[in-house]
Amino acid sequence: MTPSAGPQTHLFADMLARVRDAAASVLGEGTDLSRIVVEPPRDASHGDMATNAAMVLAKEAGRNPRDLATAIAEKLRTDTQIDKVDIAGPGFINLTLKPEVWPEALRAVLAQGKAYGKGTVGAGHKVNVEYVSANPTGPLHVGHGRGAVFGDALASLLAAAGYDVTREYYINDAGAQVDVLARSAFLRYREALGEDIGEIPEGLYPGDYLKECGHELVNDYEDSLKQMPESEWMPIVRRRATDMMMAEIRNDLARLRIVPDVFFSERSLIEGEEPDPFAAEPPPARAADIVVETIDSLRAQGHVYEGRLPPPKSGNLEDWEDREQTLFRSTDFGDDVDRPLLKSDGSYTYFATDIAYHKSKVDRGFADMIDVWGADHGGYVKRMQAAVKAVSGGKAVLDVKLVQLVRLLRNGEPVKMSKRAGDYITLREVVDEVGKDAVRFDMLYRKNDAVLDFDLAKVIEQSRENPVFYVQYGHARGRSIFRTVAADMPQLDTGAAALKAADLTRLTDAGELSIIRKLALYPRMIEAAAQAHEPHRVAFYLYELASEFHAQWTRGGKESPHLRFIIQDDPQTTLARLALVQGIVTVLASGLDLLGVEAPDEMR
RNA sequence: GCGCCCGUAGCUCAGCUGGAUAGAGCAUCAGACUUCGAAUCUGAGGGUCGGGAGUUCGAAUCUCUCCGGGCGCGCCA
């Protein structure tokens with residue numbers, strides 16, 4: 001196996017396999033090797049890679065770590081790709097690879113191009129990533145944007161790791177809130193007919209965004225809706241209003257380069273309406289009420305019963321009424337209390353339809369599903385995971401990623417917002433103001449469970465220190481080298497084939513070798529970030545790679561001109577260094593693409 | 001009261017599923033542009049990883065317990 005054997009493997013995975021073989025040959029087959037890790041050492045002077053194999057296996061083997069390390073090291077010393085094996089500290093095995101490994105690692109980047117870093121850990125696994133899933137009752141705000149960006153980048157990351165990914169948006173179009181939306185739209189419809197509607201009553205949506213909907217209803221129905229009782233116009237107006245809102249939301253998402261594969265309507269679970277109003281192909285016929293079906297099936301398995309719940313602990317008992325109701329036995333699956341499926345008026349709780357929805361994911365073949373929710377839904381996680389267990393017979397796993405709230409600031413001052421008053425900053429406004437790339441990168445440059453301060457002024461004014469421009473500048477700078485060399489050394493062939501054939505052993509500078517090591521780490525980073533469901537790792541990796549590149553660039557200043565990437569009278573060295581730059585540019589572009597951020601050729 | 005999340009440099013945050021001497025950016029101070037792009041780089045100072053106990057070869061990371069902050073706790077979604 002060589003490092004360039006293809007996307008199935010990479011330097012670290014390859015070495016991990018070798019270390020496991022060595023460990024197995026010392027301790028015998030059947031040893032648990034799963035905890036062994038091969039990673040870059042903290043300190044480069046320790047070598048190229050380090051493994052904890054001896055320390056992890058010592059206890060089970062009943063040997064002391066240093067002795068075991070000695071035995072494993074002995075095996076590794078025979079490996080053709082390993083130059084030096086040292087034992088250090090409590091039993092680390094430090095590996096120094098043969099010098100020729102690194103040129104090959106860089107050549108693998110050049111050979112694979114955009115495919116470099118793509119892995120296969122997810123091969124054969126379908127994953128459903130559900131994100132945003134906002135009520136279609138108003139424009140998206142910045143908090144929705146964070147969930148959307150996070151979910152989208154996570155989906156891209158999983159796809160890069162080989163998973164078969166579906167990006168899904170669950171339209172909450174069945175609750176009381178969309179009825180409120182419809183009444184609000186109906187008011188705008190009357191307004192469009194010339195009626196003086198005065199102040200928007202308390203409890204309805206006051207935003208101007210429904211005025212257009214009112215006009216459209218007049219165009220299509222004239223004043224006929226006005227003659228109908230609410231029960232008749234409600235379905236018409238509701239459908240029109242939610243469709244319009246969803247069109248707006250899709251537009252907002254598209255501006256962030258977010259395009260879900262599936263829009264799944266909650267109402268479709270209940271009424272058998274089209275589940276995806278935007279589907280290219282008509283949906284398959286459905287049973288009239290999938291929620292009933294789901295509950296019945298759970299009841300048949302003994303997971304649903306009629307019973308009573310203790311009063312809620314929130315202190316607010318005003319509306320509390322002790323009564324027998326239909327409950328899901330979620331405590332059998334790890335939840336704290338059993339959860340109601342029906343409201344007192346007989347309609348489904350949100351949870352009930354959500355169970356049916358997640359069952360549909362199971363039915364569609366997803367054993368892995370990820371939901372991206374706002375942090376205020378944290379109390380909902382256990383019951384949903386319980387439901388997924390019940391509905392899949394324990395075969396499916398739901399991971400819920402909670403996205404913390406976004407504090408919108410301008411020059412450090414909180415931006416005042418009130419949804420009730422209808423005066424809040426929309427996601428679209430923010431994207432228009434600071435740009436898609438800054439929004440996306442900023443939101444991905446943090447863990448999902450950390451509160452995010454998003455300062456509109458700083459994102460623009462401090463653009464010089466903004467990480468997104470730092471990384472993009474790295475890419476543009478790399479591309480500019482190729483423009484320069486084309487002008488200064490027109491006789492030099494810098495095509496892909498020439499770069500691949502370059503004499504990469506000329507890359508001997510410590511900075512150059514460090515960059516190659518960083519590039520070699522990329523596939524491992526993708527794999528780990530995908531398995532941990534942590535797209536922010538990609539952003540940090542890119543920042544570090546750009547940083548090493550910027551540093552290497554500046555080293556070739558007037559103190560050490562021999563370290564420049566372009567050496568006019570040395571075409572061979574120039575070519576080798578251009579190959580390195582190409583590797584950097586390739587990985588930067590690839591990583592930025594995962595984050596949905598552009599990789600510009602220039603940014604003057 | 002219970003559950004979940006968070007607490008790391010003055011500020012904003014990483015810390016690669018338990019590894020070696022805890023790292024970046026901003027801010028502060030001192031430096032590098034007749035340069036392949038200075039939207040860049042080099043260096044310095046700055047830490048009881050909220051406190052305490054435990055688990056083990058080894059803890060910012062796992063367990064317990066306090067402290068402090070956030071979210072949630074039928075018929076909102």
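Below, chain A is the first sequence line, B the second, and so on; all start at residue 1. Note that the coordinates shown come from a computational prediction; the quantities given were computed from them, not determined experimentally.
What separates CZ of A/Arg564 from C1' of B/A32 is a distance of 14 Å, to the nearest Å. Taking atom CZ of residue A/Arg339 and atom P of nucleotide B/C2, one finds them 17 Å apart after rounding to whole Å. In this structure, A/Gln568 atom CD and B/C36 atom P are separated by 9 Å, rounded to whole Å. When the C1' atom of B/U17 is taken as reference, atom CD of A/Glu534 falls 9 Å away, rounded to whole Å. In this structure, CZ of A/Arg407 is placed 16 Å from P of B/C6, rounded to the nearest angstrom. One interatomic measurement links the two molecules: CZ of A/Phe351 to P of B/C73, which rounds to 15 Å at whole-angstrom precision. If you take CG of A/Leu452 and P of B/C6, they are 16 Å apart, rounded to a whole angstrom. The nearest whole Å value for the distance from the CD atom in A/Gln552 to the C1' atom in B/A32 is 16 Å.
Of the candidates B/G19, B/C75, B/C36, the closest approach to any side-chain atom of A/Ser344 belongs to B/C75. Residue A/Met603 places its side chain closer to B/G37 than to any other of B/G19, B/U21, B/G37. Nearest to the side-chain atoms of A/Asp336 among the listed nucleotides B/G72, B/G3, B/U40 stands B/G3. Between B/A24, B/A14, B/G19, one nucleotide has an atom nearer to the side chain of A/Pro90 than all others, and that is B/G19. Closest contact between the side chain of A/Val56 and the listed nucleotides B/G3, B/G19, B/C16 involves B/G19. When the nucleotides B/U17, B/G3, B/A39 are ranked by their closest atom to the side chain of A/Lys382, B/G3 comes out on top. Among B/C75, B/C41, B/C4, the nucleotide with an atom closest to any side-chain atom of A/Thr554 is B/C41. The side chain of A/Asp376 approaches B/G72 more closely than any other nucleotide in the set B/G72, B/C76, B/A39. Taking only side-chain atoms of A/Glu39, from C-beta outward, the nucleotide of B/G72, B/C36, B/G19 with the closest atom is B/G19. Looking at the side chain of A/Ala532, the nearest of the listed nucleotides B/C4, B/U40, B/U17 is B/U17.
Glycosidic conformation of B/U17 is syn; the angle stays within 90° of 0.
The P atoms of B/U65 and B/G10 are separated by 30 Å, rounded to the nearest whole Å. To the nearest whole angstrom, the two C1' atoms, one in B/A53 and one in B/C67, are 15 Å apart. Going from the P atom of B/G23 to that of B/C16 covers 13 Å, rounded to whole Å. Comparing the P positions of B/C57 and B/A14 gives an interatomic distance of 32 Å, to the nearest angstrom. Between B/G19 and B/A59, the distance separating the two P atoms is 11 Å to the nearest Å. Using atom P as the reference point in both B/C62 and B/G45, the two lie 32 Å apart (nearest Å). Spacing between B/A27 and B/U40 at atom P, rounded to whole Å, works out to 11 Å.
For the pair A/Ser347 and A/Tyr543, nearest-nucleotide mapping onto RNA chain B gives the more 5' position to A/Tyr543. Along RNA chain B, the nucleotide nearest to A/Asp322 and the one nearest to A/Arg483 differ in position, and the one closer to the 5' end is contacted by A/Arg483.
Between A/Phe12 and A/His10, the ring-plane angle classifies as tilted under the 30° and 60° cut-offs.
Proximity of A/Arg477 to the phosphate of B/A38: a side-chain N or O atom is located under 4.0 Å from OP1 or OP2. Between A/Thr484 and B/G37 there is a side-chain polar atom (N or O) within less than 4.0 angstrom of OP1 or OP2. The side chain of A/Tyr470 places an N or O atom within less than 4.0 Å of a non-bridging phosphate oxygen (OP1 or OP2) of B/C41. Taking side-chain N and O atoms only, A/Trp553 has a distance below 4.0 Å to OP1 or OP2 of B/A38. Taking only side-chain nitrogens and oxygens, A/Lys447 never comes nearer than 4.0 Å to OP1 or OP2 of B/C6. Look at A/Lys343 and you'll find a side-chain N or O under 4.0 angstrom from OP1 or OP2 of B/A77.
Salt bridge status for A/Lys361 with A/Glu168: absent, with no side-chain N to carboxylate O gap under 4.0 Å.
Under the 4.5 Å side-chain criterion, counting only non-hydrogen atoms from C-beta, A/Lys401 is in contact with A/His533. A/Arg517 places none of its side-chain heavy atoms less than 4.5 Å from the side chain of A/Leu521. Considering only heavy atoms from C-beta on, A/Leu11 stays 4.5 Å or farther from A/Arg524 through its side chain.
A donor-acceptor contact under 3.5 Å is not formed by the side chain of A/His536 with the base of B/A14.
Within 6.0 Å of the CZ atom in A/Arg35, the count of heavy atoms belonging to other residues, nucleotides or ligands does not exceed 12.
Not less than 6.0 angstrom separates the ring centroid of A/Tyr473 from the ring centroid of A/Phe469.
Taking the ring axis of A/Phe454 as reference, the NZ or CZ atom of A/Arg407 does not stay both within 45° of it and closer than 6.0 Å to the ring centre.
Checking B/C29 for Watson-Crick or G-U wobble geometry (two distances, each under 3.5 Å) identifies B/G43 as its partner. A 3.5 Å limit on both hydrogen-bonding distances identifies B/C57 as the Watson-Crick or G-U partner of B/G19.
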